[in-house]
Amino acid sequence: MGFLSLSALWLLLLIPPLVLLYFLKLKRPRLAVPSLILWQQVVNDTRVNSPFQKFKRNILLLIQLILLLLLILAATQPFWRGAASSADQLPILIDRSASMAAVDADGKSRLDIAKQRVRDMIEGLSPNEELAIIAFSQSANQLSGFTSNKRVLLDALDSITIEDLPSDLGEALRMADAMARSHMFERVLMISDGNFPAKIDFQLPFELAYERLPAAGANIGITSLNARRASGKGWSVFVSVQATKDNHSPATLELIQDGETRATERVAPTTGRAQRVMFTISSDKHTSIEVRLKPDGLDSLPGDNEAYLELSPLRPLWVHVPRSMDTFRTAFQDLEDVRLFPEGAGDGVLEDYDLIVTNAEG
């Protein structure tokens, strides 16, 4: 059993004043009596009003003390920990971000290796040991609570799949910290390929055992894809390709527009430097762009060999210039791909324009 707010124990100081009120003796006035037979009643009253006799016989005081103790106990926020000891419970954090899909020369991904490591732990689990499985990428999910049931743990382990997202270690640690409030453990095991920020501002109430997976094989991939309007009805499409230091094989970069191959380019980026390729396409309507990278040699992470881009139809720049500003209207009329407003009697809604030129204050 534990307490979340031991500072509430100061309320115990209320007990002595409560008891002291019942220890005070009654003060009666002195009276002359005509008979000694009444002395027996005086003796009985004195016995009842003595501190300990009064304390024993006053049920109301006992009830008030019990209620006060219960209120103090509630203020300390007690909770029951799990039945197992801290040495028997171990949360396991398994990274399932996009980088965990990288494979080695044997074709095994980082996630496959991590699963095998945890599977061996489950198979060797003793009856008094319990594991909890947590998978994380950009968010964390608890796939099993603390249990020694091997079937439950193996099912949770098999359900882990790659998410095409970056990893957020903070989310995983916050979930483990939440579990530590209701379970007793001193160590957390994390298995990952190590693509984390250099510093994480997070205080750990437990020891973090980090098991870094071995590096994957050589990799080459697309690191950025964007487009910019060119003259006329064209687009300039820019692609960046980067490779790891152990990659020595070139690749073919293919540009596909609306399902048809438009251009190809051979790329061979050097270590630590991205190679940038530009393609030019034409389209006056909505078009879909797909870029594919086809390495000649081993590629440990196929997930970064494809990139997609949706380009909206080109239209002129909508510019609103009041009719009173003749000089500005004349200047914009001579520019290409510019539609000048107002065209007719109405000015339209100002929020519809890309650019508004005005001489009005405010």
*asked:* Test: salt bridge (charged side-chain N to carboxylate O under 4.0 Å, His left out). Region: residues 152-166. Which pairs qualify, not counting sequence neighbours?
replied: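 As it turns out, the salt bridge (charged side-chain N to carboxylate O under 4.0 Å, His left out) pairs with a partner in residues 152-166, which skip direct neighbours, are R96-E163, R119-D158, R151-D155.
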_Applying salt bridge (charged side-chain N to carboxylate O under 4.0 Å, His left out) as the test, list every pair that has at least one member in residues 242-255; sequence neighbours left out._
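Every pair satisfying salt bridge (charged side-chain N to carboxylate O under 4.0 Å, His left out) with a residue in residues 242-255: E254-K294.
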Donor-acceptor side-chain pairing of [X] and [Y] below 3.5 angstrom:
{"X": "S148", "Y": "E130", "result": "no"}
{"X": "S224", "Y": "S240", "result": "yes"}
{"X": "T287", "Y": "Q257", "result": "yes"}
{"X": "N219", "Y": "N247", "result": "no"}

Salt bridge (charged side-chain N to carboxylate O under 4.0 Å, His left out) involving [X] - partner list, sequence neighbours excluded:
{"X": "E211", "value": "R117"}
{"X": "E306", "value": "none"}
{"X": "D296", "value": "R266"}

Which heavy atom of [X] sits nearest a heavy atom of [Y], and at what distance?
{"X": "A98", "Y": "L301", "answer": "O-CD1, 3.6 Å"}
{"X": "A132", "Y": "M179", "answer": "CB-CE, 3.8 Å"}
{"X": "S288", "Y": "E310", "answer": "OG-OE1, 2.9 Å"}
{"X": "A156", "Y": "S159", "answer": "O-OG, 2.6 Å"}
{"X": "R110", "Y": "A215", "answer": "NH1-O, 3.7 Å"}
{"X": "F146", "Y": "P91", "answer": "CZ-CG, 3.6 Å"}

Using modelled atom types and a 3.5 Å cut-off, is there a donor and acceptor pairing between side-chain atoms of [X] and backbone atoms of [Y]?
{"X": "K115", "Y": "I160", "result": "yes"}
{"X": "D106", "Y": "K108", "result": "no"}
{"X": "K150", "Y": "E123", "result": "yes"}
{"X": "S300", "Y": "G217", "result": "yes"}
{"X": "Q242", "Y": "Q275", "result": "no"}

Linking I/L/V/M/F/W/Y whenever any side-chain heavy atoms sit under 4.5 Å apart, do [X] and [Y] land together?
{"X": "V241", "Y": "L309", "result": "yes"}
{"X": "L169", "Y": "L165", "result": "no"}
{"X": "L213", "Y": "L298", "result": "no"}
{"X": "L12", "Y": "W10", "result": "yes"}
{"X": "L131", "Y": "L143", "result": "yes"}

Are [X] and [Y] side-chain neighbours, meaning at least one heavy-atom pair lies under 4.5 Å?
{"X": "V277", "Y": "V237", "answer": "no"}
{"X": "R228", "Y": "W235", "answer": "no"}
{"X": "I222", "Y": "V239", "answer": "yes"}
{"X": "Q138", "Y": "S167", "answer": "no"}
{"X": "I134", "Y": "V188", "answer": "no"}
{"X": "E186", "Y": "E207", "answer": "no"}
{"X": "S324", "Y": "N359", "answer": "yes"}
{"X": "M190", "Y": "F136", "answer": "yes"}

Atom pair [atom1] ([X]) and [atom2] ([Y]), whose distance is rounded to the nearest 0.5 Å:
{"X": "W318", "Y": "F341", "atom1": "CH2", "atom2": "CZ", "answer": "5.0 Å"}
{"X": "D354", "Y": "R339", "atom1": "CG", "atom2": "CZ", "answer": "11.5 Å"}
{"X": "I281", "Y": "L311", "atom1": "CD1", "atom2": "CG", "answer": "5.5 Å"}
{"X": "T264", "Y": "L255", "atom1": "OG1", "atom2": "CG", "answer": "9.5 Å"}
{"X": "L189", "Y": "L93", "atom1": "CG", "atom2": "CG", "answer": "7.5 Å"}
{"X": "L111", "Y": "T161", "atom1": "CG", "atom2": "OG1", "answer": "8.0 Å"}

*For S109, check side-chain hydrogen bond (donor to acceptor under 3.5 Å, both in side chains) against everything at least two apart and list the hits.*
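Only D112 meet the side-chain hydrogen bond (donor to acceptor under 3.5 Å, both in side chains) criterion with S109.
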Output all residues satisfying side chain to side chain contact (heavy atoms under 4.5 Å, CB included) with [X], sequence neighbours left out; order by chain, then residue number.
{"X": "S126", "answer": "N128, E129"}
{"X": "L71", "answer": "none"}
{"X": "T270", "answer": "R273"}
{"X": "V118", "answer": "I92, I94, I122, I133, L157, I191"}

*By the rule that ILVMFWY residues connect when side-chain heavy atoms come within less than 4.5 angstrom, directly or transitively, which residues belong alongside Y308?*
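For Y308, no cluster forms, as it stays isolated from other hydrophobic side chains.
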*If you group Ile, Leu, Val, Met, Phe, Trp and Tyr whenever their side-chain heavy atoms sit less than 4.5 Å apart, what else falls in with L355?*
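Members alongside L355: L317, V319, V321, M325, F328, F332, L335, V338, L340, V357.
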_Tell me if the aromatic rings of F279 and F238 count as close, with their centers under 6.0 Å from one another._
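Distance test on ring centres: not under 6.0 Å, no.
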*T252 vs L293, side chain to side chain contact (heavy atoms under 4.5 Å, CB included): CA-CA, chis, key distance, verdict*: CA-CA 6 Å; T252 300; L293 186 66; over 6 Å; no
